[in-house]
Protein chains: 2
Amino acid sequence: MATIKDIAQAVGVSCTTVSNVIHGRAGRVSTETITLINEAIDQLGYVPNMSARALVSNSSKVIGMISHLTSNKKESIVEDPFHSAFIGSIEKTLRENGYYLMLRTVETTSDLMNFLHNWNVDGLFCTGVFQDEFFEALTKLKIPVVLIDSYVAHPNICNVGLQDYDGGYTATKYLIDKGHKDIAFASPPIKKKGVVDERFQGYKNALADASIPFRKNLVFEQELDTATTITLGTQLAARKDITAIFATADILAAGIMAGLKQAGKRVPEDFSVMGFDDINLCQLTSPTLTTIHQDAPLKGKLAVYFLMDKLDNKPIPDNEIILPIHLVERESVISL
Amino acid sequence: MATIKDIAQAVGVSCTTVSNVIHGRAGRVSTETITLINEAIDQLGYVPNMSARALVSNSSKVIGMISHLTSNKKESIVEDPFHSAFIGSIEKTLRENGYYLMLRTVETTSDLMNFLHNWNVDGLFCTGVFQDEFFEALTKLKIPVVLIDSYVAHPNICNVGLQDYDGGYTATKYLIDKGHKDIAFASPPIKKKGVVDERFQGYKNALADASIPFRKNLVFEQELDTATTITLGTQLAARKDITAIFATADILAAGIMAGLKQAGKRVPEDFSVMGFDDINLCQLTSPTLTTIHQDAPLKGKLAVYFLMDKLDNKPIPDNEIILPIHLVERESVISL
DNA sequence: TTGTAGGCGTTATCAG
DNA sequence: CTGATAACGCCTACAA
């Protein structure tokens with residue numbers, strides 16, 4: 001409740017002096033008055049008014065975490081358990097660096113622009129960005145933007161990503177090494193330059209390298225809501241031309257397993273299943289889910305470091321960080 | 001980028017007039033100038049600067065979603081899948097009402113106070129609040145506070161809760177009706193006046209009503225991380241004096257099931273298991289999980305409505321909303 | 001080492 | 001109907 005003015009009056013100095021000690025501009029103030037002012041700050045309980053700061057400086061300390069709504073279904077940002085895993089990590093790291101996190105869903109480019117101007121937002125995290133006009137808008141922003149899991153590159157924009165191609169390849173190769181040849185690929189809709197597309201390429205190339213022809217009718221794209229994924233599982237149960245399924249998300253894999261089971265099939269005896277992400281769920285299904293592991297909290301932390309560096313104008317050697325993946329063997333895959 | 005001033009200059013009127021049409025104060029401005037100003041706003045792309053507004057008015061339109069960190073483990077807000085389910089719902093509803101959501105983790109009371117003053121926060125959502133000095137601080141705030149899942153009541157504070165007692169009772173009674181008498185209770189640490197405590201009371205009373213003596217050694221409290229829950233399952237597997245387990249969270253129930261299975265036990269043949277929450281996971285485990293259902297998105301939405309009413313100074317008939325629960329039968333419980 | 005003054009974008013009061 | 005003007009809290013030249 002106390003303002004700089006209050007402090008100044010209490011101590012009997014000017015606002016400037018108070019401001020100076022608040023910002024640690026030593027040298028400009030005598031040690032004496034510094035302690036005096038600090039005492040007053042403690043006693044009167046001064047807390048900076050960020051709105052006022054944002055108004056006068058050109059930094060608001062607000063970082064936006066943007067979710068670009070395209071698919072109609074999703075209610076908002078935190079739609080899947082994997083996504084929510086690093087948002088906590090982001091808030092924590094941001095806070096440690098003196099920033100504030102605003103969560104915001106936007107539908108259109110102008111939604112985004114309005115939000116940015118509303119708060120003089122300092123920087124942005126975005127997930128689920130593809131090659132479209134929304135991305136174009138991002139590239140034109142004056143503020144640092146860090147994409148998470150994106151494959152649309154641009155000199156202005158940083159990206160924290162994953163070895164998605166390798167993940168797709170590794171998973172598929174693993175299944176092939178286990179003797180599988182008829183491997184389905186299940187995923188949410190494959191968008192060009194998207195994460196899923198990369199995993200899809202990995203899948204196809206692993207097949208090719210093993211001289212297994214790619215069959216388009218083994219690709220299954222659908223939304224990730226539980227009902228849909230289970231239905232897919234029941235449908236896959238009827239396919240005699242499939243021995244293994246690679247799903248690009250654990251929740252999808254788990255849904256498929258549930259569907260298969262509903263249809264009277266066994267995993268892994270009748271169908272081997274692989275997931276992607278290694279969320280907690282993998283240890284809770286039965287059989288437990290063999291999957292591709294990635295480190296979600298680390299992703300969040302690195303994303304923030306990236307943004308902080310950009311905000312501090314530190315030179316960025318490479319505007320992309322690619323986190324490694326590795327395969328985690330559990331019980332859902334069997335040798336043929 | 002354009003400010004009110006810019007608009008005013010473009011049209012050739014004063015800032016006041018522009019401000020008036022922005023706020024739809026009809027009657028005070030001629031229809032003519034209104035259209036003129038609106039055109040300029042469209043062309044020049046005016047977007048209000050919320051910092052400036054926050055500074056001069058006493059409303060910032062910022063709503064804080066606070067997570068009070070006590071247990072050291074959790075990294076931040078969105079730690080469990082259930083919790084994250086309604087945060088999306090909250091952001092959406094808030095946005096539709098012209099508010100902005102800031103996510104913030106606080107450790108101490110003064111962390112909270114600082115945050116509130118930093119941004120002139122208009123209102124607050126809190127989860128995981130118990131009877132402690134943090135709660136005391138909340139009751140003294142001048143802004144509306146909506147607690148989610150709290151059992152510490154106070155005239156100043158709203159609460160959106162659940163029939164937790166009924167949930168505990170219903171679950172336990174269901175197991176009893178299925179012929180179980182030796183029913184374990186598994187939960188995170190039971191804090192007084194907490195959600196879990198209510199469910200615990202329901203459990204105990206259901207036992208009492210069936211003349212089954214409560215046994216303290218059938219109560220298992222531990223954290224909800226996957227490893228711990230699975231370990232608990234393996235330990236329970238060795239207990240010959242238990243036929244059913246009621247877990248107060250689905251993730252806990254799922255972990256226990258996984259542990260039981262690891263230890264060579266079958267669910268529900270050897271142990272019946274019940275969960276609580278009805279998250280997606282329940283349909284993905286095998287057997288699928290019988291549980292107590294609650295509507296997380298609705299909870300979020302109602303929490304926002306509550307807050308909006310308080311912010312609009314609407315009379316609030318009752319400062320508590322209790323959402324109903326119902327039992328969802330699936331496969332994890334068997335009749336003895 | 002310290003103080004003065006102006007302005008950031010907005011709103012509210014009051015006068016024309 | 002419209003326009004000055006002050007104020008919100010803070011920062012930053014520029015003076016002293």
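Throughout, a chain's letter reflects where its sequence line sits, starting with A, and its residues are numbered from 1.
One finds a salt bridge joining B:K299 and B:D149 here, because a Lys/Arg side-chain nitrogen approaches an Asp/Glu carboxylate oxygen to under 4.0 Å.
The terminal axes of the helix from C:dT1-D:dA16 to C:dG16-D:dC1, fitted over 5 pairs per end, subtend an angle of 40° to the nearest 10°.
Reading DNA chain D from its 5' end, the first and the last nucleotide to sit under 4.0 Å from a heavy atom of chain B are D:dC1 to D:dG9.
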A:L138 vs A:L147, side chain to side chain contact (heavy atoms under 4.5 Å, CB included): CA-CA, chis, key distance, verdict: CA-CA 10 Å; A:L138 289 178; A:L147 302 185; 4.0 Å; yes
task: Start with the C-alpha gap between B:V145 and B:F306, add the side-chain angles, then the distance that decides, and say whether side chain to side chain contact (heavy atoms under 4.5 Å, CB included) holds.
output: CA-CA 9 Å; B:V145 176; B:F306 231 151; over 6 Å; no
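Here A:S14 reaches the OP1 or OP2 of C:dG3: one of its side-chain N or O atoms lies under 4.0 Å away.
Side chain of A:T33 to backbone of A:L36: no donor-acceptor contact under 3.5 angstrom is found. Judged by distance alone, the side chain of B:N20 and the main-chain N or O of B:R25 form no donor-acceptor pair under 3.5 Å. Listed for the B:S60 side chain is a donor-acceptor partner under 3.5 Å among the backbone atoms of B:N120.
Nucleic acid contact for A:T33: sugar-phosphate only, since backbone atoms but no base atoms lie under 4.0 Å from a heavy atom of the residue.
Atom CG of A:D312 has more than 12 heavy atoms from other residues, nucleotides or ligands within 6.0 Å.
For DNA chain C, no neighbouring residue in residues 114-122 of chain A is found when judged by any heavy atom under 4.0 Å.
Protein atom CG of A:N20 is 11 Å distant from nucleotide atom P of C:dG3, rounded to whole Å. The interatomic distance linking A:K5 (NZ) with C:dG3 (P) rounds to 15 Å, in whole Å.
Of the two residues near DNA chain D, B:L55 and B:G12, the one whose nearest nucleotide lies more 5' is B:G12.
Here the CG-CD1 distance, from B:L124 to B:I143, works out to 5.0 Å after rounding to the nearest 0.5 Å. The CG atom of A:N38 sits 9.5 Å away from the CD1 atom of A:I7 when rounded to the nearest 0.5 Å.
Between B:H68 and B:F134, the ring planes are parallel. Angles under 30° get that label, and only those over 60° would be called perpendicular. Taking the six-membered ring where tryptophan is involved, the planes of B:Y100 and A:F115 are essentially parallel, since the angle between them stays under 30° and well short of 60°.
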field: Sequence-aligned protein contact record of nucleotides 11-16 of chain C, with B where the base is within under 4.0 Å of a protein heavy atom and S where only the sugar-phosphate is
entry: BBB---
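Remark: B:T17 pairs with B:S14 by the side-chain hydrogen bond (donor to acceptor under 3.5 Å, both in side chains) rule, at least two apart or across chains. For A:S59, the side chain to side chain contact (heavy atoms under 4.5 Å, CB included) criterion is met by A:S57, A:K61, A:D122, not counting sequence neighbours.
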